[in-house]
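Structure incoming, see below.
Numbering of ligands and ligand atoms starts at 1, following listing order.
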Amino acid sequence: MQQIREDLAELSQVKWLCTENTNVYVLRLDQIHPLISGNKWYKLRYYLEAAKASGQKVVTFGGAYSNHILATAAACKLYGLQCAGIIRGEEPEHYAPTLTDAAAQGMELHFVSRMAYKERQIPEPLSGENIYVIPEGGYGEQGMRGAATIPYPPAFFDTVCCACGTGTMMAGLLQHTAAATSIAGFSVLKNHKSLTAEIETLLQRPFPGNSFINNDFHFGGYAKYTDELIRFMNELFEATAIPTDFVYTAKLFYGAKALLASAFKTSQNLLLIHSGGLQGNRSLPKGTLIF
Ligand SMILES: *Cc1c(COP(=O)(O)O)cnc(C)c1O
């Protein structure tokens, strides 16, 4: 099993995105491991340490294409931990590649109804076992602390941009970065109005005034996409050789590029966090992407 190589996360300038005013950089967290992708490793690391110390079985939640499920499965294998995934919805006749891969890493899969999932019920027989529950998406204090170890020079960038699902990564970046740096989070969910409050809960302080969440680039909502977004992903790859995923990082890159002429106009050094997630592109019809 391949080790996690944080040192392989390249930090480089993206000429294609730079403007007269702004140098745009990307941190390639997608490069640290083929299965334990991007920000998921950082969010998981302290949960897994705790589970290892207590000798408990790791249990977590996710959908059939979840980056978090696959990353947890592979990271538990690497750590020698038993793990189970509670998957939303009925057991499909044919598993999507994400689930096939998670099972191949040794994760037990438990399928539960949408209702049971919503209530985060732990199904039998797991409920009777000695388990360590990691919240969906790694949301929580330990997830934030882990995300705060995402490696980049904290004072060099005046703007750092990331995609937001639960906001755990953004909370971590807010902890890690110099106070003068603005963090811009691009929400990939439609109408996720409680995101700011959820980040404040993690931070245990008010949302910093120089940072913000943008809600304009969800492209219809979670895991939704348009022809325009796909065109952009292919164009970005052609110009820069950077692959993105349609659920998170493509929306981040698209949104950040769109704001270079306005919100980011006065930024000199802007960083895009490539948080991984490329495996999710396998749910797109074949031939959609050129990479
Ligand atoms: C899970 C994920 C995110 C969202 O991270 P949060 O901490 O939940 O906001 C962003 N990008 C990728 C590629 C992800 O897999």
Side-chain angles (χ1 to χ4, degrees), residues 9 26-47 60-75 85 98 101-102 134-150 160-176 183-190 192 194-203 207 211-215 217-219 221-223 225 229 233 242-256 271-284:
V26 63
L27 177 64
R28 296 286 304 275
L29 298 182
D30 58 309
Q31 294 172 329
I32 64 172
H33 192 275
L35 298 175
I36 308 166
S37 178
N39 74 349
K40 294 301 180 278
W41 160 245
Y42 293 92
K43 292 198 290 177
L44 283 169
R45 69 190 319 164
Y46 294 128
Y47 288 114
T60 196
F61 298 86
Y65 298 97
S66 166
N67 296 328
H68 170 70
I69 285 289
L70 180 54
T72 304
T98 308
D101 289 354
I134 300 178
E136 182 182 35
Y139 177 84
E141 197 267 335
Q142 305 194 74
M144 170 182 69
R145 273 201 298 122
T149 68
I150 289 177
V160 176
C161 300
C162 70
C164 289
T166 65
T168 311
M169 169 168 58
M170 183 172 186
L173 300 181
L174 285 164
Q175 299 286 64
H176 170 61
I183 312 282
F186 289 81
S187 178
V188 303
L189 282 83
K190 192 170 161 179
H192 190 178
S194 53
L195 181 55
T196 306
E198 282 151 17
I199 291 173
E200 286 181 331
T201 300
L202 291 175
L203 290 173
F207 198 88
S211 294
F212 66 92
I213 288 168
N214 178 292
N215 288 294
F217 298 98
H218 56 71
F219 289 84
Y222 185 72
Y225 61 95
L229 186 68
M233 291 169 76
I242 300 171
T244 48
D245 78 296
F246 76 99
V247 181
Y248 294 102
T249 53
K251 294 177 182 182
L252 163 71
F253 275 71
Y254 189 105
L271 178 64
L272 302 172
I273 306 285
H274 192 315
S275 41
L278 298 173
Q279 67 90 23
N281 286 342
R282 296 182 295 181
S283 71
L284 293 171

Report task. Looking only at protein heavy atoms, identify the closest one to atom 5 (O) of ligand 1 and say how far it is in Å. Result -> Asn39 ND2, 3.1 Å
Query raised in the report: For ligand 1, is Gly276 a contact, meaning one of its heavy atoms is under 4.0 Å away?
Result: yes
Query - Ligand-residue contact atoms, ligand 1 with Gly277, heavy atoms, under 4.0 Å - result: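 Answer, ordered by atom number: 13 (C).
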Query - Under 3.5 Å donor-acceptor, Ser37 side chain and Gly277 backbone - result: yes
Query - His176: partners by ring pair (Phe, Tyr, Trp, His ring centres under 6.0 Å), with sequence neighbours left out - result: Tyr152
Query raised in the report: Is the side chain of Lys251 donor-acceptor paired with the backbone N or O of Phe219 at a distance under 3.5 Å, no angle test?
Result: no
Query raised in the report: Under the salt bridge (charged side-chain N to carboxylate O under 4.0 Å, His left out) test, which residues partner Asp30, sequence neighbours left out?
Result: Arg28
Requested in this report: Just need the protein heavy atom nearest to atom 8 (O) of ligand 1, so name the residue and atom and give the distance.
Outcome: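 For this ligand atom, the closest protein heavy atom is Thr166 OG1, 2.6 Å.
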Query raised in the report: Is the side chain of Tyr139 donor-acceptor paired with the backbone N or O of Glu198 at a distance under 3.5 Å, no angle test?
Result: yes
Query raised in the report: Quick one: nearest non-hydrogen protein atom to atom 11 (N) of ligand 1, plus distance?
Result: Ser275 OG, 2.7 Å
Query raised in the report: How far apart are the closest heavy atoms of Cys161 and Ala256, and which atoms are they?
Result: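 Result for this residue pair: SG-CB, 4.5 Å.
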**Report entry** Subset of ligand 1 atoms that lie under 4.0 Å from at least one heavy atom of Cys164
**Finding:**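 Counting from 1, the qualifying ligand atoms are 9 (O).
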Report task. Output the list of atoms in ligand 1 that are nearer than 4.0 Å to some heavy atom of Asn67, sorted by atom number. Result -> 14 (C), 15 (O)
Query raised in the report: Of the protein's non-hydrogen atoms, which lies at the shortest distance from atom 6 (P) of ligand 1, and what is that distance?
Result: Lys43 NZ, 3.3 Å
Query raised in the report: Closer than 4.0 angstrom: is that true for some heavy atom of His274 and an atom of ligand 1?
Result: no
Query raised in the report: So, does Lys40 sit close enough to ligand 1 that a heavy atom of it is under 4.0 Å from the ligand?
Result: yes
Query raised in the report: ligand 1 and Met170, any nitrogen or oxygen pair closer than 3.5 angstrom?
Result: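 For ligand 1, there is no N or O atom that lies under 3.5 Å from one belonging to Met170.
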Query raised in the report: With a 4.5 Å heavy-atom cut-off, do Phe253 and His274 have their side chains touching?
Result: yes
**Report entry** Short side-chain to backbone donor-acceptor contact, Arg282 and Gln279, under 3.5 Å
**Finding:**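 Confirmed, Arg282 side chain pairs with Gln279 backbone.
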